[in-house]
Amino acid sequence: MKIDFASSRQSTLGVEWELALVDGKTGELASVASQVLRGVASRHPELNEDDEHPHIKQELLLNTVELVTGVCETAAQAKEDLSRSVAAVREITDPMGVELFCAGSHPFSPPQLQPVTDKARYAKLIDRTQWWGRQMVIYGVHVHVGLDRRDKALPVLDGLVNYFPHFQALSASSPFWGGEDTGYASQRALMFQQLPTAGLPFQFTSWEEYESYVQDMFTTGVIDTISEIRWDIRPVPALGTIEMRICDGLATLEEVGAIAALTQCLVDEFSTTLDNGGTIPTMPPWHVQENKWRAARYGLDAIIILDAAGREQLVTDHLLETLNRLEPVAAKLRCSDELADVEKIIRRGAGYQRQRRVAAENGGNLQAVVLDLVKQMRNGPTA
């Protein structure tokens, strides 16, 4: 099958931020997304009853809303766009006593008790995936970066795969699951990959190979639409972007901006390499798979594999080297401040570390963890 790749301006940016709705007093998940979305839509008379807000969307679970930016030039613009959407949601949720928070998972609300949005595609997903599908009480951040040529999509995907553990470690924020500490920095990373077509992407040598794969998925009934290929990194032909979907949910707008800037800078660097006739190195899939597991397990303490030769380094040390290397790219893309915020995550601690710290300070009380996440979303980072 032939898959066209939409025209897109190089290094333009789009961000998707999945937010959980919780009871402001108990921290329990609140399945009130339908009411929230209706309330948001009611503030926009130009929308018909069945129209979806352009930037505030429905998701799989009734305890979730997704904020989606327009096409942005800079990480700062993306943050401003998301901030407007947060404010619009709060106009509805504040009078309801409902709060917003974001992490890779909810620390204690039972996954199996969370109702699914009444849509045929969601019902089909749950029917097919059964127990695993009912566990998907997870939240993430997705970053799209525009590519000006189709033939960049797969090499850029390969390049981002090399940085999989960096994004996973920085964003890891799902140590708790159903009231227990899993021992992992990111339970979400390993949970989400249980869905068909989710997890690490395949790496193809040509666009035609990718087209053949997609055709096979349609022919064998694995997917009904190309969007059901849910890889951690994927090309999005309809938008002309590469989409980085690795990250656990991020608690603050500052962190979202940092991850967006890092993604945008790496993609732009890869694109420039290709424009200059260069190539992007790849690693064997077994190294990539090991890196994902190490980052999910150990977060910012992971020792990661750097290349096909098997060289290793502490992920934070390699991140700091990467940030220094990307400084000229960030200056060109006008995201120097946001890229510098990546180092703040390293200094402050990733989400999983902060959650465990709050739990320890409160005798293991996970309600305190959720309420702290609520406060971080409202007021920004706490340290």
Side-chain angles (χ1 to χ4, degrees), residues 1-8 14 16 59-60 116 119-136 138 140 142-164 167-168 188-247 263 267 270-271 274 279-293 296 308:
M1 68 184 297
K2 181 172 174 53
I3 302 174
D4 294 324
F5 195 81
S7 176
S8 186
E16 302 167 6
E59 255 295 334
L60 169 67
V116 174
K119 291 279 186 180
R121 64 190 177 102
Y122 294 138
K124 181 179 178 182
L125 173 67
I126 297 299
D127 181 64
R128 184 176 184 210
T129 57
Q130 291 295 304
W131 187 89
W132 285 114
R134 291 191 292 271
Q135 301 305 303
M136 295 296 146
I138 52 179
H142 304 162
V143 181
H144 291 258
V145 182
L147 298 173
D148 59 358
R149 296 202 314 272
R150 188 191 74 177
D151 60 5
K152 288 182 177 180
L154 297 177
V156 167
L157 182 151
D158 291 341
L160 284 175
V161 163
N162 295 332
Y163 288 87
F164 194 108
F167 285 109
Q168 188 68 81
R188 171 189 169 274
L190 304 182
M191 178 64 69
F192 188 59
Q193 70 184 15
Q194 304 305 320
L195 292 182
T197 73
L200 290 167
F202 295 107
Q203 294 171 269
F204 302 100
T205 58
S206 69
W207 188 256
E208 290 72 26
E209 273 191 24
Y210 168 71
E211 289 175 326
S212 178
Y213 163 82
V214 175
Q215 180 63 70
D216 286 347
M217 295 300 100
F218 277 110
T219 300
T220 56
V222 177
I223 62 173
D224 292 322
T225 67
I226 198 169
S227 64
E228 291 175 352
I229 297 173
R230 299 182 178 92
W231 294 334
D232 298 321
I233 308 167
R234 66 182 181 183
V236 184
L239 300 178
T241 65
I242 194 79
E243 183 184 11
M244 193 282 294
R245 300 160 48 87
I246 297 164
C247 290
T263 310
V267 172
F270 299 144
S271 180
L274 296 170
T279 57
I280 297 171
T282 60
M283 282 194 287
W286 46 92
H287 285 359
V288 174
Q289 188 171 344
E290 175 64 15
N291 272 345
K292 178 175 182 176
W293 185 87

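Take N291 and apply the side chain to side chain donor-acceptor pair (under 3.5 Å) test, not counting sequence neighbours, and it matches no residue. Evaluation of the side chain to side chain donor-acceptor pair (under 3.5 Å) rule for Q289 yields no partner, not counting sequence neighbours. With sequence neighbours left out, the side-chain contact (heavy atoms from CB on, under 4.5 Å) criterion links E16 to E66, V68, H142, H144, E243. Legend: residues meeting side chain to side chain donor-acceptor pair (under 3.5 Å) with T219, ordered by chain and number and at least two apart, are Q215. In this structure F202 satisfies the side-chain contact (heavy atoms from CB on, under 4.5 Å) test together with F204, Y213, W231, sequence neighbours excluded. Taking P237 as the reference, I3, F5, W207, Y210, I226 meet the side-chain contact (heavy atoms from CB on, under 4.5 Å) condition, with sequence neighbours excluded. With sequence neighbours left out, the side chain to side chain donor-acceptor pair (under 3.5 Å) criterion links S227 to T225. Partners of T279 by side-chain contact (heavy atoms from CB on, under 4.5 Å), not counting sequence neighbours: none found.
Shortest non-hydrogen contact noted between F218 and I223 is CD2-O, 3.6 Å. The minimum heavy-atom distance linking P201 with L157 is given by the pair CG-CD2, 3.8 Å. The nearest pair of heavy atoms linking A189 to A296 is CB-CB, 4.1 Å.
The list of salt bridge (Lys or Arg N to Asp or Glu O under 4.0 Å) pairs with a residue in residues 194-203, not counting sequence neighbours, is empty. For residues 281-290, every residue pair satisfying the salt bridge (Lys or Arg N to Asp or Glu O under 4.0 Å) rule, not counting sequence neighbours, is listed here: E290-R294. Among residue pairs with one or both ends in residues 143-157, those qualifying as salt bridge (Lys or Arg N to Asp or Glu O under 4.0 Å) are D148-K152, R149-D151, R149-D275, R150-E208, K152-D275; sequence neighbours excluded.
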Q. Should L274 and V156 be marked as a side-chain contact (heavy atoms from CB on, under 4.5 Å) after you check the CA-CA gap, both sets of side-chain angles, and the distance that decides it?
A. CA-CA 9 Å; L274 296 170; V156 167; 4.1 Å; yes
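In this structure, the side chains of D232 and F167 stay at 4.5 Å or more apart for every pair of heavy atoms.
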